[in-house]
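To start, the structure itself, in C-alpha coordinates.
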Protein chains: 2
Amino acid sequence: METIAIGELSRRTRCNIETIRYYERIGLLPMPARRGRYRSFGLADVARVHFVRRARELGFTLDEIRALLGIATAEDMACGDAREIAASHLRQVRARITDLRRMERVLADTVRACDAGDQVGCPLITTLSATAQLGTI
Amino acid sequence: METIAIGELSRRTRCNIETIRYYERIGLLPMPARRGRYRSFGLADVARVHFVRRARELGFTLDEIRALLGIATAEDMACGDAREIAASHLRQVRARITDLRRMERVLADTVRACDAGDQVGCPLITTLSATAQLGTI
DNA sequence: CTACCATCTGTAGGAACTACAGACTCAACC
DNA sequence: GGTTGAGTCTGTAGTTCCTACAGATGGTAG
(Lines give C-alpha, C1' and ligand atoms only; values in the text may rest on other atoms or scores of the structure.)
Protein backbone atom coordinates (compact mmCIF):
# COMPACT_ATOMS: atom_id res chain seq x y z
CA MET A 1 0.00 0.00 0.00
CA GLU A 2 1.37 3.33 -1.08
CA THR A 3 1.83 5.89 1.64
CA ILE A 4 2.78 9.50 1.07
CA ALA A 5 3.95 12.44 3.16
CA ILE A 6 2.01 15.62 3.62
CA GLY A 7 4.00 17.49 0.98
CA GLU A 8 3.10 14.93 -1.65
CA LEU A 9 -0.55 14.98 -0.57
CA SER A 10 -0.44 18.75 -0.88
CA ARG A 11 1.02 18.54 -4.38
CA ARG A 12 -1.47 15.94 -5.58
CA THR A 13 -4.50 17.77 -4.25
CA ARG A 14 -3.19 21.30 -4.82
CA CYS A 15 -4.19 21.92 -1.23
CA ASN A 16 -1.89 23.91 1.04
CA ILE A 17 -0.01 21.87 3.65
CA GLU A 18 -1.24 24.14 6.41
CA THR A 19 -4.77 23.73 5.15
CA ILE A 20 -4.48 19.94 5.26
CA ARG A 21 -3.30 20.10 8.86
CA TYR A 22 -6.15 22.50 9.56
CA TYR A 23 -8.68 20.07 8.08
CA GLU A 24 -7.25 17.35 10.26
CA ARG A 25 -7.46 19.59 13.35
CA ILE A 26 -11.14 20.33 12.81
CA GLY A 27 -11.92 16.69 12.12
CA LEU A 28 -12.55 16.85 8.37
CA LEU A 29 -9.74 14.41 7.81
CA PRO A 30 -9.08 11.38 10.03
CA MET A 31 -5.94 11.49 12.12
CA PRO A 32 -3.35 9.90 9.88
CA ALA A 33 -0.90 7.18 10.81
CA ARG A 34 2.61 8.30 11.63
CA ARG A 35 6.04 7.26 10.46
CA GLY A 36 8.04 8.53 13.35
CA ARG A 37 6.79 12.08 13.80
CA TYR A 38 5.67 12.44 10.21
CA ARG A 39 2.10 12.01 8.98
CA SER A 40 1.65 9.13 6.57
CA PHE A 41 -1.29 9.33 4.17
CA GLY A 42 -2.94 6.84 1.83
CA LEU A 43 -4.93 7.07 -1.38
CA ALA A 44 -8.19 7.42 0.56
CA ASP A 45 -6.82 10.65 2.00
CA VAL A 46 -6.02 11.96 -1.46
CA ALA A 47 -9.60 11.29 -2.52
CA ARG A 48 -10.99 12.87 0.62
CA VAL A 49 -8.98 16.05 0.27
CA HIS A 50 -10.00 16.24 -3.40
CA PHE A 51 -13.61 15.87 -2.32
CA VAL A 52 -13.30 18.68 0.21
CA ARG A 53 -11.57 20.99 -2.24
CA ARG A 54 -14.17 20.40 -4.94
CA ALA A 55 -16.98 21.04 -2.52
CA ARG A 56 -15.24 24.25 -1.42
CA GLU A 57 -14.97 25.33 -5.05
CA LEU A 58 -18.75 24.94 -5.21
CA GLY A 59 -19.00 27.17 -2.19
CA PHE A 60 -20.08 24.58 0.39
CA THR A 61 -19.11 25.50 3.92
CA LEU A 62 -16.89 23.15 5.88
CA ASP A 63 -19.87 22.19 8.02
CA GLU A 64 -21.87 21.27 4.95
CA ILE A 65 -18.89 19.32 3.67
CA ARG A 66 -18.66 17.48 6.95
CA ALA A 67 -22.27 16.41 6.49
CA LEU A 68 -21.65 15.41 2.87
CA LEU A 69 -18.64 13.34 3.88
CA GLY A 70 -20.78 11.60 6.47
CA ILE A 71 -23.34 10.79 3.81
CA ALA A 72 -20.69 9.73 1.31
CA THR A 73 -19.25 7.18 3.69
CA ALA A 74 -22.52 6.01 5.24
CA GLU A 75 -23.64 2.47 4.50
CA ASP A 76 -27.02 3.60 3.27
CA MET A 77 -26.05 6.53 1.10
CA ALA A 78 -28.64 9.06 2.23
CA CYS A 79 -28.86 10.66 -1.19
CA GLY A 80 -31.97 12.62 -0.26
CA ASP A 81 -30.07 14.40 2.50
CA ALA A 82 -27.29 15.27 0.09
CA ARG A 83 -29.84 16.60 -2.37
CA GLU A 84 -31.30 18.82 0.33
CA ILE A 85 -27.91 20.26 1.25
CA ALA A 86 -27.15 20.93 -2.40
CA ALA A 87 -30.55 22.45 -3.11
CA SER A 88 -30.35 24.73 -0.09
CA HIS A 89 -26.87 25.77 -1.08
CA LEU A 90 -28.05 26.41 -4.63
CA ARG A 91 -30.69 28.77 -3.28
CA GLN A 92 -28.01 30.69 -1.39
CA VAL A 93 -25.79 30.88 -4.47
CA ARG A 94 -28.68 32.25 -6.51
CA ALA A 95 -29.52 34.82 -3.86
CA ARG A 96 -25.90 35.90 -3.80
CA ILE A 97 -25.86 36.24 -7.57
CA THR A 98 -28.95 38.46 -7.39
CA ASP A 99 -27.22 40.62 -4.77
CA LEU A 100 -24.09 40.94 -6.82
CA ARG A 101 -25.99 41.82 -9.95
CA ARG A 102 -27.64 44.69 -8.12
CA MET A 103 -24.20 45.85 -6.94
CA GLU A 104 -22.89 45.47 -10.47
CA ARG A 105 -25.66 47.63 -11.90
CA VAL A 106 -25.11 50.48 -9.42
CA LEU A 107 -21.34 50.33 -9.81
CA ALA A 108 -21.49 50.21 -13.59
CA ASP A 109 -23.90 53.15 -13.70
CA THR A 110 -21.65 55.12 -11.40
CA VAL A 111 -18.50 54.44 -13.36
CA ARG A 112 -20.35 55.35 -16.56
CA ALA A 113 -21.41 58.63 -14.97
CA CYS A 114 -17.77 59.26 -14.05
CA ASP A 115 -16.73 58.70 -17.66
CA ALA A 116 -19.48 60.96 -18.97
CA GLY A 117 -18.16 63.63 -16.65
CA ASP A 118 -21.22 65.84 -16.95
CA GLN A 119 -22.11 65.86 -13.26
CA VAL A 120 -21.35 68.51 -10.69
CA GLY A 121 -19.85 66.38 -7.94
CA CYS A 122 -18.12 63.01 -8.01
CA PRO A 123 -20.78 60.48 -9.06
CA LEU A 124 -19.56 57.76 -6.70
CA ILE A 125 -19.48 60.03 -3.68
CA THR A 126 -22.87 61.39 -4.68
CA THR A 127 -24.28 57.88 -4.93
CA LEU A 128 -22.93 56.88 -1.56
CA SER A 129 -24.09 60.10 0.06
CA ALA A 130 -27.57 59.86 -1.44
CA THR A 131 -30.49 59.70 0.93
CA ALA A 132 -32.09 56.81 -0.93
CA GLN A 133 -31.34 53.37 0.46
CA LEU A 134 -29.51 51.16 -1.97
CA GLY A 135 -31.63 48.28 -0.80
CA THR A 136 -34.61 49.89 -2.46
CA ILE A 137 -32.94 50.39 -5.83
CA MET B 1 -27.22 71.62 17.31
CA GLU B 2 -28.92 68.28 17.69
CA THR B 3 -26.92 65.59 19.39
CA ILE B 4 -27.96 61.96 19.67
CA ALA B 5 -26.86 58.91 21.63
CA ILE B 6 -25.48 55.78 20.04
CA GLY B 7 -28.80 53.97 20.21
CA GLU B 8 -30.51 56.67 18.18
CA LEU B 9 -27.65 56.71 15.67
CA SER B 10 -28.02 52.95 15.40
CA ARG B 11 -31.77 53.28 14.78
CA ARG B 12 -31.40 56.00 12.17
CA THR B 13 -28.69 54.22 10.22
CA ARG B 14 -29.94 50.68 10.84
CA CYS B 15 -26.37 49.95 11.88
CA ASN B 16 -25.70 47.75 14.90
CA ILE B 17 -24.46 49.61 17.99
CA GLU B 18 -21.51 47.27 18.29
CA THR B 19 -20.67 47.89 14.66
CA ILE B 20 -20.68 51.66 15.19
CA ARG B 21 -18.29 51.29 18.10
CA TYR B 22 -16.20 48.97 15.93
CA TYR B 23 -16.06 51.57 13.15
CA GLU B 24 -14.92 54.15 15.67
CA ARG B 25 -12.26 51.80 17.01
CA ILE B 26 -10.76 51.23 13.58
CA GLY B 27 -10.87 54.93 12.75
CA LEU B 28 -13.70 54.94 10.19
CA LEU B 29 -15.65 57.30 12.42
CA PRO B 30 -14.07 60.19 14.32
CA MET B 31 -13.99 59.88 18.08
CA PRO B 32 -17.25 61.45 19.15
CA ALA B 33 -17.73 64.03 21.89
CA ARG B 34 -18.96 62.70 25.23
CA ARG B 35 -21.76 63.70 27.54
CA GLY B 36 -20.42 62.25 30.72
CA ARG B 37 -19.40 58.72 29.74
CA TYR B 38 -21.83 58.53 26.84
CA ARG B 39 -20.96 59.16 23.20
CA SER B 40 -22.73 62.14 21.67
CA PHE B 41 -23.16 62.18 17.88
CA GLY B 42 -24.22 64.83 15.38
CA LEU B 43 -25.87 64.80 11.97
CA ALA B 44 -22.52 64.53 10.23
CA ASP B 45 -22.06 61.18 11.98
CA VAL B 46 -25.44 59.99 10.75
CA ALA B 47 -24.41 60.85 7.18
CA ARG B 48 -21.03 59.19 7.61
CA VAL B 49 -22.45 55.93 8.94
CA HIS B 50 -25.01 55.93 6.12
CA PHE B 51 -22.17 56.38 3.65
CA VAL B 52 -20.23 53.47 5.11
CA ARG B 53 -23.28 51.19 5.16
CA ARG B 54 -24.17 52.00 1.56
CA ALA B 55 -20.64 51.34 0.43
CA ARG B 56 -20.67 48.05 2.35
CA GLU B 57 -23.92 47.09 0.59
CA LEU B 58 -22.04 47.62 -2.66
CA GLY B 59 -19.37 45.26 -1.38
CA PHE B 60 -16.56 47.78 -0.82
CA THR B 61 -14.10 46.70 1.85
CA LEU B 62 -13.57 48.90 4.87
CA ASP B 63 -10.16 49.87 3.53
CA GLU B 64 -11.70 50.98 0.26
CA ILE B 65 -14.34 52.89 2.19
CA ARG B 66 -11.66 54.57 4.23
CA ALA B 67 -10.11 55.78 0.98
CA LEU B 68 -13.48 56.90 -0.37
CA LEU B 69 -14.21 58.83 2.82
CA GLY B 70 -10.86 60.55 2.47
CA ILE B 71 -11.74 61.53 -1.07
CA ALA B 72 -15.25 62.61 -0.11
CA THR B 73 -13.94 65.00 2.51
CA ALA B 74 -10.90 66.20 0.62
CA GLU B 75 -10.82 69.80 -0.56
CA ASP B 76 -10.11 68.84 -4.13
CA MET B 77 -12.53 65.95 -4.64
CA ALA B 78 -10.21 63.46 -6.33
CA CYS B 79 -13.00 62.02 -8.40
CA GLY B 80 -10.60 60.12 -10.64
CA ASP B 81 -9.33 58.17 -7.67
CA ALA B 82 -12.86 57.31 -6.63
CA ARG B 83 -13.62 56.16 -10.15
CA GLU B 84 -10.60 53.87 -10.08
CA ILE B 85 -11.66 52.31 -6.78
CA ALA B 86 -15.17 51.75 -8.10
CA ALA B 87 -13.99 50.37 -11.44
CA SER B 88 -11.59 47.96 -9.77
CA HIS B 89 -14.31 46.86 -7.40
CA LEU B 90 -16.70 46.41 -10.31
CA ARG B 91 -14.20 44.07 -11.95
CA GLN B 92 -14.08 42.00 -8.75
CA VAL B 93 -17.85 41.86 -8.51
CA ARG B 94 -18.07 40.68 -12.10
CA ALA B 95 -15.45 38.01 -11.52
CA ARG B 96 -17.34 36.83 -8.47
CA ILE B 97 -20.59 36.65 -10.46
CA THR B 98 -18.83 34.52 -13.06
CA ASP B 99 -17.60 32.18 -10.31
CA LEU B 100 -21.01 31.90 -8.77
CA ARG B 101 -22.66 31.20 -12.09
CA ARG B 102 -20.28 28.31 -12.63
CA MET B 103 -21.18 26.99 -9.18
CA GLU B 104 -24.85 27.48 -9.92
CA ARG B 105 -24.64 25.49 -13.12
CA VAL B 106 -22.94 22.51 -11.49
CA LEU B 107 -25.27 22.57 -8.50
CA ALA B 108 -28.39 22.89 -10.62
CA ASP B 109 -27.27 20.02 -12.85
CA THR B 110 -26.59 17.88 -9.80
CA VAL B 111 -29.92 18.58 -8.15
CA ARG B 112 -31.67 17.88 -11.45
CA ALA B 113 -29.86 14.55 -11.66
CA CYS B 114 -31.03 13.80 -8.12
CA ASP B 115 -34.62 14.50 -9.13
CA ALA B 116 -34.35 12.39 -12.24
CA GLY B 117 -33.16 9.58 -10.03
CA ASP B 118 -31.85 7.46 -12.88
CA GLN B 119 -28.28 7.26 -11.67
CA VAL B 120 -26.58 4.48 -9.79
CA GLY B 121 -25.01 6.43 -6.92
CA CYS B 122 -25.87 9.76 -5.37
CA PRO B 123 -25.24 12.37 -8.06
CA LEU B 124 -23.81 14.96 -5.66
CA ILE B 125 -21.39 12.55 -4.08
CA THR B 126 -20.45 11.31 -7.54
CA THR B 127 -19.80 14.86 -8.71
CA LEU B 128 -17.62 15.66 -5.74
CA SER B 129 -15.74 12.39 -6.00
CA ALA B 130 -15.16 12.78 -9.72
CA THR B 131 -11.59 12.87 -10.94
CA ALA B 132 -12.22 15.86 -13.20
CA GLN B 133 -11.35 19.22 -11.68
CA LEU B 134 -14.31 21.53 -11.31
CA GLY B 135 -12.07 24.36 -12.32
CA THR B 136 -11.97 22.91 -15.81
CA ILE B 137 -15.72 22.56 -16.23
C1' DC C 1 30.29 17.28 9.17
C1' DT C 2 27.49 20.46 7.41
C1' DA C 3 24.04 22.25 4.49
C1' DC C 4 19.49 21.92 3.20
C1' DC C 5 14.92 20.60 2.69
C1' DA C 6 10.73 18.69 4.69
C1' DT C 7 8.14 18.25 8.46
C1' DC C 8 6.64 19.03 13.24
C1' DT C 9 3.85 21.80 17.05
C1' DG C 10 1.81 25.82 18.57
C1' DT C 11 0.25 30.28 18.14
C1' DA C 12 -1.29 34.54 15.99
C1' DG C 13 -3.24 37.15 12.27
C1' DG C 14 -6.76 38.75 8.80
C1' DA C 15 -12.05 40.71 7.58
C1' DA C 16 -15.95 42.42 9.34
C1' DC C 17 -18.29 42.01 12.46
C1' DT C 18 -21.13 39.83 16.72
C1' DA C 19 -21.79 38.50 21.40
C1' DC C 20 -21.12 38.41 25.64
C1' DA C 21 -19.74 39.88 30.93
C1' DG C 22 -19.84 42.98 34.35
C1' DA C 23 -20.04 47.80 35.56
C1' DC C 24 -22.26 52.19 35.42
C1' DT C 25 -25.85 56.05 34.42
C1' DC C 26 -30.24 57.92 34.10
C1' DA C 27 -35.16 58.59 34.13
C1' DA C 28 -39.44 57.10 35.85
C1' DC C 29 -42.47 55.15 39.09
C1' DC C 30 -44.25 54.17 43.83
C1' DG D 1 -35.85 57.62 48.98
C1' DG D 2 -35.60 53.15 46.86
C1' DT D 3 -35.83 50.34 42.96
C1' DT D 4 -36.65 48.84 38.52
C1' DG D 5 -35.51 48.87 33.68
C1' DA D 6 -33.41 50.51 29.72
C1' DG D 7 -29.49 52.32 27.84
C1' DT D 8 -24.65 52.68 27.70
C1' DC D 9 -19.81 51.72 28.93
C1' DT D 10 -15.18 48.90 28.41
C1' DG D 11 -12.89 44.92 27.25
C1' DT D 12 -12.45 40.52 25.51
C1' DA D 13 -13.48 36.50 22.85
C1' DG D 14 -15.89 34.17 19.26
C1' DT D 15 -17.11 33.44 14.15
C1' DT D 16 -15.13 31.34 9.13
C1' DC D 17 -11.50 29.52 6.47
C1' DC D 18 -7.64 29.57 6.15
C1' DT D 19 -2.44 31.58 6.11
C1' DA D 20 1.89 32.71 8.18
C1' DC D 21 5.09 32.59 11.06
C1' DA D 22 8.74 30.78 14.98
C1' DG D 23 11.53 27.52 16.57
C1' DA D 24 12.51 22.63 16.86
C1' DT D 25 13.45 18.21 14.72
C1' DG D 26 14.22 14.50 10.83
C1' DG D 27 16.44 12.66 7.00
C1' DT D 28 19.54 12.98 3.13
C1' DA D 29 23.32 14.65 -0.13
C1' DG D 30 27.78 16.30 -0.83
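All values reported here derive from a predicted model rather than from experimental measurement. Below, chains carry the letters A, B, ... as their sequence lines are ordered, and counting in each starts from 1.
When the nucleotides dC17(D), dT10(D), dA20(D) are ranked by their closest atom to the side chain of L62(A), dC17(D) comes out on top. Closest approach to the Y38(A) side chain among dG7(D), dG26(D), dT19(D) is made by dG26(D) (side chain taken as heavy atoms from C-beta onward).
Within 4.0 Å (heavy atoms only), N16(B) reaches sugar-phosphate atoms of the nucleic acid but no base atom. Backbone-only contact: I17(B) has heavy atoms under 4.0 Å from sugar-phosphate atoms and none from a base.
Counting heavy atoms from C-beta outward, I6(B) and Y38(B) have side chains that stay 4.5 Å or more apart. Between F41(B) and I20(B) the shortest side-chain heavy-atom distance falls below 4.5 Å. You'll find the side chain of N16(A) stays beyond 4.5 Å of the side chain of Y22(A), heavy atoms only.
The 5' end of DNA chain C is approached more closely, in terms of each residue's nearest nucleotide, by F41(A) than by the other of F41(A) and F60(B). When each of E18(A) and R35(A) is assigned the nucleotide of DNA chain D with its nearest heavy atom, E18(A) is the one assigned upstream, toward the 5' end.
Taking atom CZ of R21(B) as the reference point, atom P of dT10(D) lies 7 Å away to the nearest angstrom. Rounded to whole Å, the distance from CD1 on I26(A) to P on dC18(D) is 8 Å. Residue R25(A) contributes atom CZ, which lies 11 Å from atom C1' of dC17(D) at whole-angstrom precision. In this structure, Q92(A) atom CD and dT16(D) atom C1' are separated by 14 Å, rounded to whole Å. Atom-to-atom, OH of Y22(B) to P of dG14(D) comes out at 17 Å; the value is rounded to the nearest Å. One interatomic measurement links the two molecules: CG of L9(B) to C1' of dT8(D), which rounds to 14 Å at whole-angstrom precision.
One finds no salt bridge joining R48(B) and D45(B) here, because no Lys/Arg side-chain nitrogen approaches an Asp/Glu carboxylate oxygen to under 4.0 Å. The pair R112(B)-D115(B) fails the salt-bridge criterion, with no side-chain N (NZ, NE, NH1 or NH2) lying under 4.0 Å from an Asp/Glu carboxylate O. Salt-bridge check for R12(A) with E8(A): passed, with a basic side-chain N closer than 4.0 Å to an acidic carboxylate O. Residues R21(A) and E18(A) are paired through a salt bridge, judged by an N-O separation under 4.0 Å between the basic side chain and the carboxylate.
Here Y23(A) does not reach the OP1 or OP2 of dC17(D): none of its side-chain N or O atoms lies under 4.0 Å away. For dC18(D), the OP1/OP2 oxygens have a side-chain nitrogen or oxygen of R53(A) closer than 4.0 Å. Between R39(B) and dT8(D), a side-chain N or O to OP1/OP2 separation shorter than 4.0 Å is absent.
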Can you name the atoms? Protein N/O to nucleotides 22-24 of chain D N/O, anything below 3.5 Å, with the distance.
none

Worksheet entry | Steps toward side chain to side chain contact (heavy atoms under 4.5 Å, CB included) verdict (I125(A), F51(B)) | CA-CA 9 Å; I125(A) 303 299; F51(B) 185 102; 4.2 Å; yes
Worksheet item: What's the verdict on side chain to side chain contact (heavy atoms under 4.5 Å, CB included) for I97(A) and R101(B), showing C-alpha distance, side-chain angles and the deciding distance?
Response: CA-CA 7 Å; I97(A) 289 175; R101(B) 271 215 271 262; 4.0 Å; yes
Discussion item. Quick one, I71(B) with I85(B), criterion side chain to side chain contact (heavy atoms under 4.5 Å, CB included). Give me CA distance, side-chain angles, the key distance, then yes/no.
Written reply: CA-CA 11 Å; I71(B) 291 166; I85(B) 293 173; 4.1 Å; yes
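Rounded to 10 degrees, the angle separating the terminal helix axes of the helix from dC1(C)-dG30(D) to dC30(C)-dG1(D), each built from five base pairs, is 30°.
In this structure, R34(A) places its CZ atom where more than 12 heavy-atom neighbours from other residues, nucleotides or ligands lie under 6.0 Å away.
With hydrogens and angles disregarded, no donor-acceptor distance shorter than 3.5 Å links the side chain of R35(A) to the backbone of R39(A).
Close approach of DNA chain C to chain B, defined as any atom under 4.0 Å from a non-hydrogen atom of the protein, starts and stops at dA16(C) to dT25(C).
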